[in-house]
Visitor: 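Take this structure, written in structure tokens, and hold onto it; I'll ask about it next.
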Number of protein chains: 2
Amino acid sequence: MKSEDEIEFNGEGVIHEDVVKRALAVQPEEELLADLADLFKNFSDTTRIRILSLLISDEMCVADITAALNATQSAVSHQLRILKQSRLVKSRRAGKIVFYSLADDHVKTIIAMGMEHITE
Amino acid sequence: MKSEDEIEFNGEGVIHEDVVKRALAVQPEEELLADLADLFKNFSDTTRIRILSLLISDEMCVADITAALNATQSAVSHQLRILKQSRLVKSRRAGKIVFYSLADDHVKTIIAMGMEHITE
DNA sequence: TATACTTATGAATAGTTGTTCATATGTTGC
DNA sequence: GCAACATATGAACAACTATTCATAAGTATA
């Protein structure tokens, strides 16, 4: 027999309805969580996180980043575009050269937070 | 003509060697950055971050999570395995039911940090 | 304007990943 | 043991993504 907190839901499966309702109540909007996933997607690729990590030190031009990562200029440029679209980096042009830098301090904080989790 | 801080490097491209060297000097190990990318990969998928977000409230069984996300049991189970392998969640069995919960507080912190970046 | 140089971008490709479907594993009560 | 239930897992497929290659766009200098 079913106890008080186990009822049918959604047509399938026995669940603890109150737990589900409570969790969903404090759950952020669907869309906000999607945005959050998109944000973290930027940090989930090796090339991108290496770029971001480099930029913590200083602004750098594309050629410098390319050399530091030992990657191709094209690959770096493509990833920089993604990071820029996500507003994690910004760029300034100085003649032929384009310098990239972190858009704000959050990048630094998020990476530091991740590091803390890893290294313990 | 080349200025003092612009020299050949790596066989291609003119770069600011000192900037590159300085950035690489304080740069974390290649492997550590790869681990970091792997960590953030967990947060980069909508299903996974929704699961993590749910578990902030309370531990939940697979059926509850499945109902809350309106997903299939299989999809949820697959993602839970990934999260568990990354040691972001842990599980305890109570009879037929398996409850999942956050492994530590870092998940909460990382999500909060991301939220802060989004909502401003 | 012609050339050299730095960065950006489109298309194609190879590798990765999330979901689904079917089924297996593990648990409880009869 | 058997039936019912909850969760886990392997294989296949579709969708997505990062890189490469070729080339375009923007800039400075002769």
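Naming convention: chains lettered A, B, ... in sequence-line order (proteins, then strands); numbering from 1 in each chain.
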Visitor: Nearest to the side chain of B/Gln79, heavy atoms from C-beta on, is which of C/dT19, D/dT7, C/dA8?
Guide: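 From the listed options, C/dT19 comes nearest.
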Visitor: In whole Å, I'd like the distance from the CD1 atom of B/Ile82 to the P atom of C/dT16.
Guide: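 Rounded to whole Å, this separation is 14 Å.
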Visitor: Just call it for A/Tyr100: base, sugar-phosphate, or nothing, with non-hydrogen atoms closer than 4.0 Å on any strand.
Guide: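 If one applies the 4.0 Å heavy-atom cut-off, A/Tyr100 turns out to touch the sugar-phosphate alone, with no base involved.
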Visitor: Can a side chain N or O of A/Thr47 be found less than 4.0 Å away from OP1 or OP2 on D/dT19?
Guide: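 Indeed, a polar side-chain atom of A/Thr47 lies that close.
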Visitor: Expressed in angstrom and rounded to an integer, what is the separation of A/Met60 atom CE from C/dT7 atom C1'?
Guide: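 Rounded to whole Å, this separation is 16 Å.
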Visitor: Do we count A/His78 as stacking onto D/dT19 if the rule is ring centres under 5.5 Å and planes under 30°?
Guide: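 So no, this residue does not stack on that base, at least one cut-off failing.
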Visitor: Find out whether B/Leu102 and B/Leu88 are in side-chain contact, i.e. whether some heavy atom of one side chain is under 4.5 Å from a heavy atom of the other.
Guide: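 When only atoms from C-beta onward are counted, B/Leu88 and B/Leu102 do not touch, as no gap falls below 4.5 Å.
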Visitor: Starting at atom CD of B/Gln85, determine the distance to atom P of C/dG18, rounded to an integer number of angstrom.
Guide: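 Atom-to-atom, B/Gln85 to C/dG18, this comes out as 12 Å.
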Visitor: Ignoring backbone atoms, establish whether A/Ser77 has a side-chain N or O less than 4.0 Å from OP1 or OP2 of C/dT7.
Guide: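 No.
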Visitor: Starting from C1' on C/dA8, measure out to CD1 on A/Ile97 and report it in whole angstrom.
Guide: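 Roughly 15 Å, once rounded to whole Å.
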Visitor: Please report, rounded to the nearest Å, how far the C1' atom of C/dT17 is from the CZ atom of A/Phe40.
Guide: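 Value for this atom pair: 19 Å.
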Visitor: Which part of the nucleic acid, if any, lies within reach of B/Ser74 when heavy atoms closer than 4.0 Å are counted: base, sugar-phosphate only, or nothing?
Guide: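 Base, at least one base atom sits under 4.0 Å.
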Visitor: What's the CZ-C1' distance between A/Arg93 and C/dC5, to the nearest Å?
Guide: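 Taking atom C1' of C/dC5 as the reference, CZ of A/Arg93 is at 11 Å.
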Visitor: Just compare D/dT27, D/dA22, D/dA18 and give me whichever is closest to any side-chain atom of A/Lys96.
Guide: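 Taking heavy atoms from C-beta onward, the closest nucleotide is D/dT27.
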Visitor: C/dT19 P sits how many Å from B/Leu80 CG, rounded?
Guide: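 Atom-to-atom, B/Leu80 to C/dT19, this comes out as 12 Å.
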Visitor: Hey, does B/His106 have a side-chain heavy atom less than 4.5 Å from the side chain of A/Glu116?
Guide: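 Yes. Closest side-chain heavy atoms under 4.5 Å.
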Visitor: Find which nucleotide of DNA chain C each of B/Lys41 and A/Ser91 is nearest to by heavy atoms, and output the residue with the more 5' nucleotide.
Guide: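 Result: A/Ser91.
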Visitor: How long is the line joining CZ of A/Arg81 and P of D/dT17, in whole Å?
Guide: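 Whole-Å distance recorded here is 12 Å.
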Visitor: As an exercise, state the distance from CD1 of B/Ile56 to CD of A/Gln27, rounded to the nearest 0.5 Å.
Guide: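 One finds 8.0 Å between CD1 of B/Ile56 and CD of A/Gln27.
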Visitor: Check whether any side-chain heavy atom of A/Ile110 lies under 4.5 Å from a side-chain heavy atom of A/Phe40, and answer yes or no.
Guide: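 Sidechains of A/Phe40 and A/Ile110: in contact.
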Visitor: If you measure only the distance, is there a donor-acceptor pair under 3.5 Å linking the side chains of B/Gln79 and B/Thr47?
Guide: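 Note: B/Gln79 and B/Thr47 side chains miss the donor-acceptor criterion.
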Visitor: Is any side-chain nitrogen or oxygen of B/Arg48 closer than 4.0 Å to OP1 or OP2 of C/dG18?
Guide: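 Answer is yes, contact under 4.0 Å.
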Visitor: Look at the side chain of B/Gln73 and the base of D/dA6, then say whether one donor and one acceptor between them are separated by less than 3.5 Å.
Guide: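 Donor-acceptor pair under 3.5 Å: no.
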